[in-house]
Amino acid sequence: MTSTRVAEQYREAQQYLAGGVTASTRLNRALGHPMYFDRAAGCRLWDLDGREYFDLCCSHGATLLGHGDERVKDAVLGAISRGAPCSYENELHARLAQLLCETIPCLERVRFTGSGTEATMHCLRLARAYSGKTKILKFEGNFHGYHDHVMYAIGTPADRLGSEESPNAHPGSTGLPPGLGDNLVLVPYNRPDLLTRAFERHGHELAAVLMEPIYYNAGCIMPTKEFLDTVVSLTRSSGVLLIFDEVLAAFRMAPGGAQEYLGVTPDLCTLGKAVGGGYPLSVFGGKKHIMDRLMPVGDCQHSGTYNGHVVAVAAGLAAVTAYRSPGFYEHINAVAADLYDGLNEILKRRGITAQVRGLGARFGIYFGLSDPARDYRSALRHQRETMLRFIASAIGQGVYFHDYGGGACHHGFCAAMSRADAAEVLNRLDSAVATM
Ligand SMILES: Cc1ncc(COP(=O)(O)O)c(C=O)c1O
């Protein structure tokens with residue numbers, strides 16, 4: 001039941017904020033309103049009425065260390081206490097750049113941006129500048145942010161998908177310039193046969209293949225070995241740049257992100273969310289000879305007043321240092337195993353057909369599927385209504401899951417969650433499933 005304070009707050013917000021929210025996906029469709037959190041610490045959140053929740057959204061993946069992490073807080077306060085000079089270069093920029101180049105396999109040079117959307121936008125411009133080609137191969141359903149060039153074939157309804165051989169470039173929003181979708185070559189994820197066919201037709205006109213190396217935006221879909229091998233061999237043999245969009249994947253399962261975990265080094269990558277430790281920072285980068293195309297050395301523009309804001313960079317330096325600390329991923333993996341195995345067991349015991357799939361600190365729950373999803377189309381077959389009932393019930397029991405308004409979505413936990421916390425989360429979810 002919606003509390004009076006939440007209802008009042010939402011009514012108030014609707015007077016001045018378009019749709020009552022600051023971002024369209026902030027509305028939690030399982031509740032019919034956005035959630036308002038007054039306070040957060042570690043893996044917990046407190047709403048306007050003081051009710052406590054375990055956070056299994058974690059700021060859409062940004063607060064991998066947890067809320068209010070002391071290391072991040074000290075770094076942020078340190079930057080603020082020195083006046084936080086904005087739009088000037090600072091020694092923290094090069095320190096974080098060096099740390100990232102030492103941590104993420106493909107990085108030889110980096111640039112900072114404020115959001116994942118900006119990171120993929122600039123990365124694609126760079127790929128086009130470097131290659132002199134226009135088309136981008138994108139996998140159906142993979143999400144790369146909100147700029148016009150990538151807002152196609154995301155969240156496409158089942159009746160608009162088109163054939164698997166030739167998926168529709170269905171726009172994910174109104175307002176996109178006509179024809180822009182023609183610059184995309186679309187292929188279903190995990191289909192090496194269709195990828196090979198797309199390269200036969202379009203390989204010569206591709207600037208890059210852009211992909212989620214772990215397809216977390218549909219929950220958690222792993223690339224098959226054959227698919228990944230095909231991606232690597234086709235891009236290498238055709239001289240097409242390979243870009244891993246690790247805005248969501250980076251730091252989730254290894255300090256070097258999905259590229260370290262999968263053992264594939266792309267030409268370029270984007271990082272976001274967790275890289276800023278909860279502050280607005282994103283990154284694109286890669287091989288030096290490609291990054292050198294950026295101005296002022298090269299001819300490809302990338303700039304912005306708030307790029308690499310020193311407060312976010314200080315937070316990022318503290319966060320990435322923490323991800324590299326001994327035992328960090330042992331803890332993540334132990335909590336992941338407890339949570340994912342535990343929730344699978346609860347769903348099975350309660351007679352609900354569902355699959356919990358996760359890697360590292362992020363996971364998806366596929367209601368109604370008895371086989372793992374392998375691409376956007378198979379994930380779309382999940383039972384959305386059941387998922388919404390589960391989320392509403394879990395929130396009622398004090399476990400916060402977010403619904404982003406589309407298909408199967410990603411959830412996650414933070415490193416501040418102990419194994420005892422995970423056991424308490426499972427207790428609450430057992431009650432949630434019993435009453436959903
Ligand atoms: C893989 C991926 N790329 C890009 C973005 C866009 O990032 P942002 O929301 O910071 O603009 C997201 C956001 O969810 C994402 O998951």
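Counting starts at 1 for both ligands and their atoms, in listed order.
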*Which atoms of ligand 1 are found less than 4.0 Å from any heavy atom of H144?*
3 (N), 4 (C)
*Considering only heavy atoms, does Y216 approach ligand 1 within less than 4.0 Å through its side chain, its backbone, both, or neither?*
neither
*Would you call D55-R44 a salt bridge at under 4.0 Å N-O?*
no
*With a 4.5 Å limit on heavy-atom distance, are the side chains of L126 and H302 in contact?*
no
*asked:* Heavy atoms only, cut-off 4.0 Å: how does H60 contact ligand 1, side chain, backbone, both, or neither?
replied: neither
*asked:* Any carboxylate oxygen within less than 4.0 angstrom of a Lys/Arg side-chain nitrogen, looking at R71 and D69?
replied: yes
*What is the nearest protein non-hydrogen atom to atom 14 (O) of ligand 1, stated with its residue, atom name and distance?*
K273 NZ, 3.0 Å
*At what distance is the nearest protein heavy atom to atom 3 (N) of ligand 1, and which residue and atom is it?*
D245 OD2, 2.7 Å
*So, F390 versus F401, ring centres under 6.0 angstrom or not?*
yes
*Would you please indicate if the ring centroids of F363 and H411 are separated by under 6.0 Å?*
yes
*Test of proximity, S282 against ligand 1: N or O pairs below 3.5 Å*: no
_Protein contact to atom 8 (P) of ligand 1 [nearest heavy atom, distance to 0.1 Å]_ = G116 N, 3.5 Å
_Donor on one side chain, acceptor on other, Y400 and N28, under 3.5 Å_ = yes
*Heavy atom of E246 under 4.0 Å from ligand 1?*
no
*Record the part of N217 in heavy-atom contact with ligand 1 below 4.0 Å; permitted values are side chain, backbone, both and neither.*
side chain
*Less than 6.0 Å separating the ring centroids of H309 and Y279?*
no
*Out of L281, T117, I214, whose heavy atom is nearest to atom 11 (O) of ligand 1?*
T117
*Which atoms of ligand 1 have any heavy atom of V247 under 4.0 Å away?*
2 (C), 3 (N), 4 (C), 5 (C), 7 (O), 12 (C), 15 (C)
*Quick one: are the ring centres of Y404 and F143 less than 6.0 Å apart?*
no
*salt_bridge(E140, R191) N-O dist < 4.0 Å*: no
*Can you list the ligand 1 atoms lying under 4.0 Å from a non-hydrogen atom of L248?*
16 (O)
*For atom 9 (O) of ligand 1, what's the nearest protein heavy atom and its distance?*
Y146 CE1, 4.3 Å
